[in-house]
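Remember, it's 1-based here, ligands and their atoms both numbered in the order they're listed.
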Amino acid sequence: MRVLILGGDGYLGWPTAMSFAEKGHEVCVVDNYLRRRIAMETESEALIPTPNLADRARLYAAAGGRAMDVKIADCADYRLLSQIVAEFQPEAVIHYAEQPSAPYSMMGFQAADLTLRNNLGVTFNLVWAVIEHAPDCHIVKLGTMGEYGTPNIDIEEGWIEIEHKGRKDKFLYPRQAGSLYHTTKVLDTDLLWFYVRTHGIRVTDLMQGPVYGLSTPEADIDPRLVPNFHYDDIFGTVVNRFLVQAAAGIPLTVYGKGGQTRGYLNLNDTLQCVELAMQNPAKKGELRIFNQFTEQFTVNELADRVQKAAARLKLKVKIESIPNPRKEKEEHYYNPAHSGLMELGLKPHYMTEDVLVAMLERILPFQDQIDRGRVMPRVRWAW
Ligand SMILES: NC(=O)c1ccc[n+]([C@@H]2O[C@H](COP(=O)([O-])OP(=O)(O)OC[C@H]3O[C@@H](n4cnc5c(N)ncnc54)[C@H](O)[C@@H]3O)[C@@H](O)[C@H]2O)c1
């Protein structure tokens, strides 16, 4: 298939591009290096150095990978994005191109403004570029499980049937996000649903949990093809932060009581899910929603797992609770459905001790470059 990947320089975009190219798809990647720029401005650069997107694509091709088309362009600029869609005529677009950091979106007006305008702007432009230039194209959009928040009832896959005063109807499942970033994802979903209803576009919205992992078949060909690895409080997920803290001999910092539960998945499973969604497209006029994660953990359980994995490498790790910089429930009910992607054929890779040990082994050579100041929270939700 002809696949356009927006956000192709990102943690998920780059391994997706290599994986799809390897499978014989014709791949075009677009990125404007927004994440690299924000990382520099907030002193949150990746721990493991990564070449820029054009160099990575060259390195991958030189190592025997298939060539891909690289465009350095801002998808929030309609002229540029619509030109790319008109010329490339994608059959599927994988839309990763957003500002994905919840803490960054809570830093203050400028960061919030950038997050809101960028994320909604890119989604809006993509919808229109597809309507105007490739109306049959399937949009595969990355949403987040964070759109649902942590309600005290079971979370369904995107939709809920409600009976009210004796009548029934189906609606988008209620969403109540915990950061401005997550709220932009809720708004994206509403925007997509609107254009699905009015213009009959085809969309799959993947409500993804936090992803972990550095190893994919293609990324393992050459160390310079590694996906971005952030460990700071802005771009680093809790798994990355704990692994780096373990490697640096810093106690693992659990925010508050540590009962916060989320659904996680391995990077290889993101690649599978996105491909399964693409190969089994939504119908015209359909907004299809899948919850994309394979297993769920509390923050305390993650800390225990990292502590055990570190012990195998003779690293002594302490676990410490610190005041929670976020406004969130620290103990709550959590039971989201996630059968849709399994029914399409997803074969999960679970978070085994071996997987965590392998990640630690990738991190340890960079031990000296770990900046301890970056792993502690620098952003609070409200002062
Ligand atoms: N990584 C996760 O754990 C996770 C979990 C749930 C959802 N998601 C979602 O998946 C998507 C990808 O996440 P990621 O972790 O790879 O993030 P990332 O920041 O590493 O990748 C996003 C990429 O998009 C690019 N980008 C942003 N705005 C752009 C624009 N206007 N024009 C062109 N390029 C632009 C960035 O430069 C970056 O390279 C995001 O939408 C994120 O919200 C990620």
Side-chain angles (χ1 to χ4, degrees), residues 4-17 28-42 44-46 50 52-53 56 70-81 84 93-105 114-126 129 139-148 177 179-189 192 205-214 216 226-230 232 234-241 262-267 269-271 273-274 290-294:
L4 184 61
I5 300 177
L6 308 183
D9 186 50
Y11 169 58
L12 303 178
W14 173 240
T16 306
C28 174
V29 280
V30 188
D31 208 290
N32 67 344
Y33 297 135
L34 177 68
R35 185 191 41 80
R36 289 183 191 251
R37 176 163 70 79
I38 295 176
M40 220 153 65
E41 287 169 3
T42 57
S44 310
E45 289 97 338
T50 51
N52 69 32
L53 184 55
R56 281 166 147 180
V70 175
K71 308 266 188 218
I72 303 307
D74 182 358
C75 302
D77 180 333
Y78 184 67
R79 197 180 49 82
L80 294 177
L81 182 64
I84 292 169
V93 180
I94 315 296
H95 172 14
Y96 289 124
E98 301 215 344
Q99 189 302 100
S101 162
Y104 178 76
S105 76
L114 182 152
T115 305
L116 185 72
R117 285 175 199 277
N118 185 69
N119 294 3
L120 282 161
V122 174
T123 301
F124 180 73
N125 286 350
L126 175 61
I139 296 176
V140 179
K141 161 75 175 40
L142 269 290
T144 151
M145 285 299 293
E147 292 185 36
Y148 302 118
S179 77
L180 180 78
Y181 151 67
H182 290 99
T183 302
T184 64
K185 300 298 234 188
V186 171
L187 299 171
D188 277 341
T189 301
L192 292 166
D205 202 343
L206 297 169
M207 302 298 166
Q208 183 175 241
V211 186
Y212 61 87
L214 286 169
T216 73
V226 68
N228 314 320
F229 181 80
H230 289 268
D232 54 87
I234 305 281
F235 286 112
T237 59
V238 59
V239 178
N240 288 7
R241 278 185 280 121
R262 303 288 184 268
Y264 293 81
L265 75 162
N266 188 296
L267 177 57
D269 292 345
T270 294
L271 305 186
C273 291
V274 170
F290 292 125
N291 293 344
Q292 183 167 313
F293 68 95
T294 57

Task: atom 29 (C) of ligand 1 - nearest protein heavy atom and its distance - done: N32 OD1, 3.3 Å

- [ ] Starting from atom 36 (C) of ligand 1, locate the nearest protein heavy atom and write down its residue, its atom name and how far away it is, to 0.1 Å.
- [x] D31 OD1, 3.5 Å

TODO: Just need the protein heavy atom nearest to atom 40 (C) of ligand 1, so name the residue and atom and give the distance.
DONE: Y96 O, 3.5 Å

Open item on the list: One residue to check: V211. Relative to ligand 1, which of side chain, backbone, both or neither has a non-hydrogen atom less than 4.0 Å away?
Closed with: both

Task: The single option from V274, N228, T270, L271 passing side-chain contact (heavy atoms from CB on, under 4.5 Å) against L12 - done: T270

TODO: Could you find the nearest protein heavy atom to atom 41 (O) of ligand 1 and give me its residue, atom name and distance?
DONE: K185 NZ, 2.7 Å

- [ ] Please determine if F235 has a nitrogen or oxygen closer than 3.5 Å to a nitrogen or oxygen of ligand 1.
- [x] no

Open item on the list: So, regarding P100 and ligand 1 (criterion: nitrogen or oxygen to nitrogen or oxygen, under 3.5 Å), is there a contact or not?
Closed with: no

Task: Over all atoms of both residues, closest heavy-atom pair of N125 and C75 - done: ND2-O, 3.0 Å

Open item on the list: One residue to check: N118. Relative to ligand 1, which of side chain, backbone, both or neither has a non-hydrogen atom less than 4.0 Å away?
Closed with: side chain

Open item on the list: For a quick test of reading the model, state the closest non-hydrogen atom pair linking H182 to E147 and the distance between them.
Closed with: O-CG, 4.2 Å

Task: Nitrogen or oxygen of R35 less than 3.5 angstrom from that of ligand 1 - done: yes

TODO: Ignoring hydrogens, just give me the one of G146, G7, A39 whose non-hydrogen atom is nearest atom 23 (C) of ligand 1.
DONE: G7

Open item on the list: I'd like to check the salt bridge (charged side-chain N to carboxylate O under 4.0 Å, His left out) partners of R79; sequence neighbours left out, ordered by chain and number.
Closed with: none

Task: Top protein contact for atom 44 (C) of ligand 1, by heavy-atom distance - done: Q208 NE2, 3.4 Å

